[in-house]
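None of the values given here were measured: they were computed from a predicted structure.
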Amino acid sequence: MFQTLKNAWKVKEIRKKLLYTFLIFVIYRLGGYIPVPFLDSTAIAEMIEGSNNLFSYLNTLSGGTFSRATLLCLSVSPYINAQIIMQLLTFAIPALERLAKEGEEGRKKIGTITKILALVIALFQSWAYYLTLKNAGALTYTTGFSKVLAEIIIIACFTAGAMLVIWLGSLIDKNGIGNGMSMLIFAGIVAELPESFGNIFATLANTGSVGYIILIPIIIIIFVLMIAFIVFMDNAERRVPIQYAKRVVGRKIYGGQSTYLPIKVSMAGVLPIIFAMSFMSIPQTIAMFTGEPTQGTVWYTIYNCFTSTHPVYATLYFILIILFSYFYISMQYDPVEIANNLRQNNGGIPGIRPGKPTSDYITRIVHKLTLVGALFLGVVALFPIIFAQITGISNLALGGTSILIVVSVALETVRQLESQLMMRHYKGFLD
């Protein structure tokens, strides 16, 4: 990885892209410290700290800017939600499915629709966030200032910040390295690492207990092992052998090559965790709008079951990750289309007949790999909860989701750098 970065830095064009990406990171982080008027950041931080609601999840994605109630507090969440909705609609609406298959022009149109949808979601989230802050008493109006005008200013700042993040992400896509939105999430999480680790070590040191002091090297070892585990699973794949038939054209023989079809174990990435986390945070997010439930009511029982310390929460969270993994991969990976492409190119899997038998065979493999990948995501997502129950440390610096995002984005960026280096060092027929 470090050798790839060193080699990439030597290439002038790639070096410009890296510097451009770093400049966008700087602008993004500076925007995360521009305060929104009429908000009490201290009250907001206390409201989010230690909670298990949608806002704590958004705070993770935004790199801590959500708890500070800054201009970019919504970060990439409106665009991520818009992308998820568009993927579901593309799968359900034939017109959008045809548009997605029209090549570059179709993708541009879908991208435009996604950005418009992200604007609508940003407006709604900004309004919902404003109401939550209002109910929590985190608003500070100046004497005689119009409350309506203050509400408009706060919502406008949140919405404008969300659209600015989308614009910064698109700039990275065009002129930088890596996927723009993923890189911004990566930058936000990594920027909060020193403070997060500092808080944990300060908590351990303040206890004065020898047992807690011993936990410091254990946490570091677990952190390194988890990174290694995620790297291994991210690169893991099942290689299905493919054999192409020979064709005789004139005096020449074409085809006959043997290759393989790579099927990744973790195809869904972090999205199933995001789906499950959003679902599990619904009850406590509703409680932030309506207030704490009354003890002894049915709603109070449901509310308690959706706290991270309850066994029902961990069980349901794990099951939802598995279900969402199957759901997402069923939309993104089509074995029938792959089988048809193989048949059209005179290719096939040795020992498997073309057509439906091939698609059924690929489907069985995908289902098995999906289960392994889903179990992997479930273990990563539940690790912070289990660790907190064992040690009593609930403010672990990086949750499993955050580590998964950081490592996955880093690996994907390195792959892009390697591909660009290979293109620039490839010697063609004229060399």
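We find that Glu105 and Arg107 are not joined by a salt bridge, their nearest charged nitrogen and carboxylate oxygen being 4.0 Å or further apart. Note on Arg415 versus Glu412: salt bridge recorded, some NZ/NE/NH1/NH2 to OD/OE distance being below 4.0 Å. With respect to the salt-bridge test (charged N to carboxylate O, under 4.0 angstrom), the residues Asp360 and Arg364 do not qualify.
Using a 4.5 Å heavy-atom threshold, the side chains of Val265 and Glu237 count as separate. Counting heavy atoms from C-beta outward, His310 and Phe306 have side chains that stay 4.5 Å or more apart. No side-chain heavy atom of Asp40 sits under 4.5 Å from any side-chain heavy atom of Leu133. Ser408 is not listed as a side-chain neighbour of Val270, based on a closest heavy-atom distance of 4.5 Å or more. At least one side-chain heavy atom of Leu184 sits less than 4.5 Å from a side-chain heavy atom of Ile24. The shortest distance between side-chain heavy atoms of Tyr260 and Val240 does not fall below 4.5 Å. Taking the side chain as every heavy atom from C-beta outward, Met267 and Tyr328 never approach each other to under 4.5 Å. Within the 4.5 Å cutoff, the side chain of Ile403 has no heavy atoms near those of the Val380 side chain.
Screening residues 331-345 for salt bridge (Lys or Arg N to Asp or Glu O under 4.0 Å), with sequence neighbours left out, gives no hits. Within the structure, salt bridge (Lys or Arg N to Asp or Glu O under 4.0 Å) pairs that include any residue of residues 68-82 comprise Arg68-Glu192 (at least two apart or interchain).
Considering CG of Leu119 and OG1 of Thr114, their distance stands at 12.5 Å, rounded to 0.5 Å. Here the straight-line distance linking atom CD1 of Ile121 with atom CD1 of Ile84 works out to 9.0 Å at 0.5 Å rounding. With rounding to the nearest 0.5 Å, the separation of CH2 in Trp299 from CG in Asn304 is 10.5 Å. Going from atom CG of Leu369 over to atom CZ of Arg238 covers 7.0 Å, rounded to the nearest 0.5 Å. Between the CG atom of Leu421 and the CG atom of Leu417 there is a distance of 6.5 Å, given to the nearest 0.5 Å.
Residues satisfying the ring pair (Phe, Tyr, Trp, His ring centres under 6.0 Å) test with Phe324, not counting sequence neighbours, are Phe275. Tyr361 meets the ring pair (Phe, Tyr, Trp, His ring centres under 6.0 Å) test with no other residue; sequence neighbours excluded. Under the ring pair (Phe, Tyr, Trp, His ring centres under 6.0 Å) criterion, Phe229 pairs with Phe376, not counting sequence neighbours.
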Using atom types as modelled, flag every donor-acceptor pair under 3.5 Å from a side chain in residues 154-181 to any protein atom, sequence neighbours excluded.
| unit_1 | atom_1 | unit_2 | atom_2 | d |
| --- | --- | --- | --- | --- |
| Thr159 | OG1 | Ser126 | OG | 3.2 |
| Thr159 | OG1 | Ile155 | O | 2.9 |
| Ser170 | OG | Trp167 | O | 2.6 |
| Asp173 | OD1 | Gly180 | N | 2.6 |
| Asn175 | ND2 | Tyr20 | OH | 3.4 |
| Asn179 | OD1 | Met181 | N | 3.3 |
| Asn179 | OD1 | Ser182 | N | 3.1 |
| Asn179 | OD1 | Ser182 | OG | 3.2 |

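Formation of a donor-acceptor pair under 3.5 Å by the Lys264 side chain with backbone atoms of Asp234 is found in this model. In this structure, the side chain of Ser330 engages the main chain of Phe327 through a donor-acceptor pair within 3.5 Å. Listed for the Ser359 side chain is no donor-acceptor partner under 3.5 Å among the backbone atoms of Val336. A donor-acceptor contact shorter than 3.5 Å is absent between the side chain of Thr90 and the backbone of Leu96. Tyr326 places a side-chain N or O within 3.5 Å of a backbone atom of His367 that can act as its donor or acceptor partner.
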**Prompt:** For Thr370 and Tyr333, what are the C-alpha separation, side-chain angles and deciding distance, and is it a side-chain contact (heavy atoms from CB on, under 4.5 Å)?
**Reply:** CA-CA 11 Å; Thr370 300; Tyr333 202 88; over 6 Å; no

**Item:** Candidate pair Ile14 and Trp9, rule side-chain contact (heavy atoms from CB on, under 4.5 Å), full reasoning
**Value:** CA-CA 7 Å; Ile14 300 180; Trp9 187 258; over 6 Å; no

**Message:** Please determine whether side-chain contact (heavy atoms from CB on, under 4.5 Å) holds for the pair Leu404 and Leu377, giving the CA-CA distance in whole Å, both sets of side-chain angles, and the decisive distance to 0.1 Å.
**Reply:** CA-CA 9 Å; Leu404 182 61; Leu377 293 178; 3.4 Å; yes

**Message:** Under the criterion side-chain contact (heavy atoms from CB on, under 4.5 Å), I'd like the reasoning laid out for Arg353 against Thr358: C-alpha separation, chi angles, the key distance, then a yes or no.
**Reply:** CA-CA 6 Å; Arg353 296 180 59 185; Thr358 298; 5.8 Å; no

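In terms of heavy-atom proximity, Gly347 sits nearest to Tyr244 at CA-CD2, 3.5 Å. Considering all non-hydrogen atoms of both residues, Thr413 and Val409 come closest at OG1-O, 2.7 Å. The heavy-atom pair separating Ile322 from Ala374 by the smallest distance is CA-CB, 3.8 Å. Heavy-atom minimum distance, Met183 versus Phe25: O-CE2, 3.4 Å. Nearest approach of Leu382 to Ala314, heavy atoms of both residues: CD2-O, 3.8 Å. Between Leu117 and Ala82, the shortest heavy-atom distance links the atoms CD2-O, 3.8 Å.
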